Protein chains: 2
Amino acid sequence: MLTLDETIEKIRPADRARMKVAQARLDRLTKPVGSLGRLEELAARYVAITGEERPKVPKAAIFTFAADHGVTTEGVSAYPSAVTAQMVLNFLRGGAAVNVLASHVGAEVLVVDIGVAHEFGALAGLISKKIALGTKNFLVEPAMSRAEATRALTVGVELAAEAVQRGIGLVGTGDMGIGNTTSSAAITAVMTGQPVALVTGRGTGIDDRGHVRKVAVIEGALTLHRPDPHDPLDVLAKVGGLEIASLAGLILGAAAHRMPVVLDGFIAGAAALIAAGLQPSCCDYMVASHRSVEIGHQAVLDRLGLKPLLDLDLRLGEGTGACLGISLVQASIKILTQMATFDEAGVSERG
Amino acid sequence: MLTLDETIEKIRPADRARMKVAQARLDRLTKPVGSLGRLEELAARYVAITGEERPKVPKAAIFTFAADHGVTTEGVSAYPSAVTAQMVLNFLRGGAAVNVLASHVGAEVLVVDIGVAHEFGALAGLISKKIALGTKNFLVEPAMSRAEATRALTVGVELAAEAVQRGIGLVGTGDMGIGNTTSSAAITAVMTGQPVALVTGRGTGIDDRGHVRKVAVIEGALTLHRPDPHDPLDVLAKVGGLEIASLAGLILGAAAHRMPVVLDGFIAGAAALIAAGLQPSCCDYMVASHRSVEIGHQAVLDRLGLKPLLDLDLRLGEGTGACLGISLVQASIKILTQMATFDEAGVSERG
């Protein structure tokens with residue numbers, strides 16, 4: 001299995017020449033040229049990413065990484081930290097939104113404990129990769145060591161590689177971690193250069209006072225740590241989260257294997273900023289499923305050069321938006337490979 | 001079976017009290033309140049429409065009505081009229097985009113010849129309800145008689161009723177008719193009061209000169225016929241299309257049976273304006289699947305008070321966008337009925 005550095009080194013831009021080949025076929029299908037809009041664009045990108053000109057619909061999986069955040073002791077979330085572990089159990093029993101939506105689109109949900117502040121013991125279905133019982137409170141000390149950030153990244157890289165070995169061809173990002181919009185806003189502020197107040201939202205639904213506190217906590221942490229935007233591992237270690245680090249690794253691993261990765265919302269976006277900081281070419285492999293209600297998400301998308309497919313006022317995380325995005329990727333592949341051409345169907349072309 | 005007038009009379013507003021009951025359940029599910037945004041809104045609307053508090057995922061069908069348009073002799077389309085019949089054959093063989101996307105979401109495609117300018121003879125799978133070999137050229141005479149418009153509407157009403165009898169619980173609108181964006185733009189201009197130039201788009205992809213001609217043809221027709229916006233049948237007969245009339249009937253029929261109807265794009269929108277003109281309460285039963293590239297579509301959505309779910313630069317018609325909308329309706333029902341509540345999952349609520 002490749003190391004993190006080898007993975008980063010292996011990533012190449014997607015094959016734009018193949019995108020043109022795909023578009024040429026799309027233009028021969030029985031529909032006005034370009035009339036399926038972003039579905040056509042998705043199909044062409046899929047071909048450019050994978051190199052498969054007539055792809056099969058891939059097996060899909062959502063990786064939902066769970067971890068806790070020490071910064072929650074500062075009162076930045078509407079829910080108690082215990083919910084992270086409780087939701088992991090809910091995922092394993094199939095009762096959460098991501099289970100329902102993944103099942104709807106035929107995707108598997110893979111739940112990874114990368115840093116939940118609870119000892120689950122042996123638990124059927126849980127992928128145990130715990131690195132710590134949550135991060136430290138980054139208002140007073142770095143969230144994690146650089147070594148921990150690297151290990152969490154590496155877990156993501158390795159899980160992407162294992163998924164490919166198991167025949168999965170499409171992954172979606174998922175996350176669970178009370179407090180993780182705080183970490184994501186901090187990462188977004190550092191990596192995009194935007195003011196903290198402009199990229200910090202309400203998370204699970206904090207009130208006005210809580211929001212003021214959340215902004216102040218992030219500003220305090222950035223003043224204390226001065227994370228270096230040119231050193232994504234420094235940013236991850238100082239104000240990141242273990243699930244965010246693993247998601248960044250998953251993105252890099254997917255890109256190294258020429259596998260598209262469907263991003264969920266704001267947390268995925270923060271992870272994508274880290275991944276893109278380590279290897280800009282990995283952006284070619286990202287599909288932005290939706291625009292989150294979280295106000296910082298647009299700055300993330302702008303920085304990554306991604307246009308989201310959906311805008312459904314979602315702000316749940318877990319990988320829920322990624323599931324809906326996966327359905328559109330599947331649809332786009334079917335359009336490319338299952339429609340008749342003008343010749344096959346005996347349909348006249350434009351006059 | 002109910003007549004058109006009885007159907008219109010039978011339609012009642014959706015049950016808003018049940019929407020609140022549904023939202024109360026959605027608020028008990030293991031996610032932050034409101035965090036699934038428009039999926040929650042859809043689920044609540046589905047309950048209000050059908051009256052089912054814990055609905056099953058319904059069997060879904062796309063009705064694709066095909067008809068020709070006499071006005072194509074004025075050079076308003078990029079494709080020849082013969083394509084309408086050719087595409088009907090393509091639908092029946094499963095080679096068109098709507099077949100692929102309907103299959104993707106588990107919906108059936110029902111193809112109805114309501115006025116194609118071609119005698120198909122007996123053809124397996126085709127629902128033959130032909131009223132005329134296309135409409136007349138409405139630049140020189142009314143597109144059809146008032147009696148023909150009523151018959152086409154009634155076909156839609158009856159097919160909705162038959163669908164309900166067959167156990168279908170969700171319908172999507174589809175259309176095929178070279179020239180039908182011209183008719184739809186004329187209807188939209190009349191029913192919304194917008195200038196023709198502001199609601200007339202490129203259809204299948206006409207060039208600048210063709211677009212100027214298209215606007216002039218519609219303006220000429222409206223000057224000639226002066227359709228009465230307060231008499232939707234008058235509008236349909238003078239500048240409508242047979243497939244548009246049937247779609248308006250399908251919408252009314254669905255509403256009368258408390259069945260949600262997922263609208264495709266601009267053609268569906270023009271039909272919906274006619275349906276809403278006949279019975280304003282039928283808007284409660286409409287789900288707008290997407291915002292079309294066709295510039296007149298926004299005026300339609302504004303008039304109907306609908307916010308589209310998707311914005312994917314689609315402009316194909318056939319029911320393609322409706323298929324994607326159906327998938328979101330299905331997803332919303334599954335969220336409502338398959339997720340665990342906080343109590344069931346033992347998850348803590350907000351602090």
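Sequence lines set the chain letters: A, B, ... in the order given, protein chains first and strands last, and positions in each chain run from 1. Keep in mind that what you see is a predicted model, and the values were worked out from it rather than measured.
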*Asks:* As an exercise: rank A:C323, A:G205, A:G321, A:S103 by heavy-atom pairs under 4.5 Å with chain B and give me the winner.
*Replies:*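 Answer, by heavy-atom pair count under 4.5 Å with chain B: A:G205.
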*Asks:* Side chain from CB out, backbone as N, CA, C, O: work out which of these in A:F342 comes under 4.5 Å of a heavy atom of chain B, or both, or neither.
*Replies:*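 Answer is side chain: those atoms of A:F342 sit under 4.5 Å from chain B.
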*Asks:* Identify which part of A:E40 has an atom lying under 4.5 Å from any heavy atom of chain B, answering side chain, backbone, both or neither.
*Replies:* neither
*Asks:* Given the options A:V105, A:T204, A:V57, which has more heavy-atom pairs under 4.5 Å with chain B than any of the others?
*Replies:*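 Highest number of heavy-atom pairs under 4.5 Å: A:T204.
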*Asks:* Measure across B:L312 and A:L309 and return the closest heavy-atom pair with its distance rounded to 0.1 Å.
*Replies:*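 B:L312 and A:L309 have their closest heavy atoms at CD2-O, 3.4 Å.
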*Asks:* For chain B, which candidate among A:N99, A:L101, A:L310 shows the most heavy-atom pairs at distances under 4.5 Å?
*Replies:* A:L101
*Asks:* Can you say whether B:V293 sits under 4.5 Å from chain A via the side chain, the backbone, both, or neither, judging by heavy atoms?
*Replies:*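 Neither part, no heavy atoms under 4.5 Å.
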*Asks:* Tell me, side chain or backbone of A:L89 under 4.5 Å from chain B's heavy atoms, or both, or neither?
*Replies:* neither
*Asks:* For chain A, find its close neighbours in residues 173-182 of chain B: heavy-atom separation under 4.5 Å, sorted by number, or none.
*Replies:*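 No residue falls under the 4.5 Å cut-off.
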*Asks:* Side-chain contact, heavy-atom cut-off 4.5 Å: A:T320 with B:L39?
*Replies:* no
*Asks:* Specify the closest pair of heavy atoms between A:L314 and B:G37, including all atoms of both residues, with the distance to one decimal.
*Replies:* CD2-N, 4.4 Å
*Asks:* What is the distance from atom OG of B:S35 to atom CD of A:E318, rounded to the nearest 0.5 Å?
*Replies:*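 If I round to the nearest 0.5 Å, the distance is 8.0 Å.
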*Asks:* If you count heavy-atom pairs under 4.5 Å between each of A:A85, A:A97, A:G106 and chain B, which one has the most?
*Replies:*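 Highest number of heavy-atom pairs under 4.5 Å: A:A97.
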*Asks:* Write down the atom of B:T30, the atom of A:A96, and the distance for their closest heavy-atom approach.
*Replies:* OG1-CA, 4.3 Å
*Asks:* What residue, out of A:M87, A:R315, A:R38, has the most heavy-atom pairs lying under 4.5 Å from chain B?
*Replies:*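 The residue among A:M87, A:R315, A:R38 with the greatest pair count is A:R315.
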*Asks:* Picking from A:V83, A:L42, A:L29, A:D311, which has the most non-hydrogen pairs under 4.5 angstrom with chain B?
*Replies:*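 With the most close heavy-atom pairs to chain B, the winner is A:V83.
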*Asks:* Report the option among B:R93, B:E41, B:H104 that has the most heavy-atom pairs separated by less than 4.5 Å from atoms of chain A.
*Replies:* B:H104
*Asks:* Within this structure, what is the CG-CG distance for the pair B:L324 and A:L324, rounded to the nearest 0.5 Å?
*Replies:* 11.5 Å
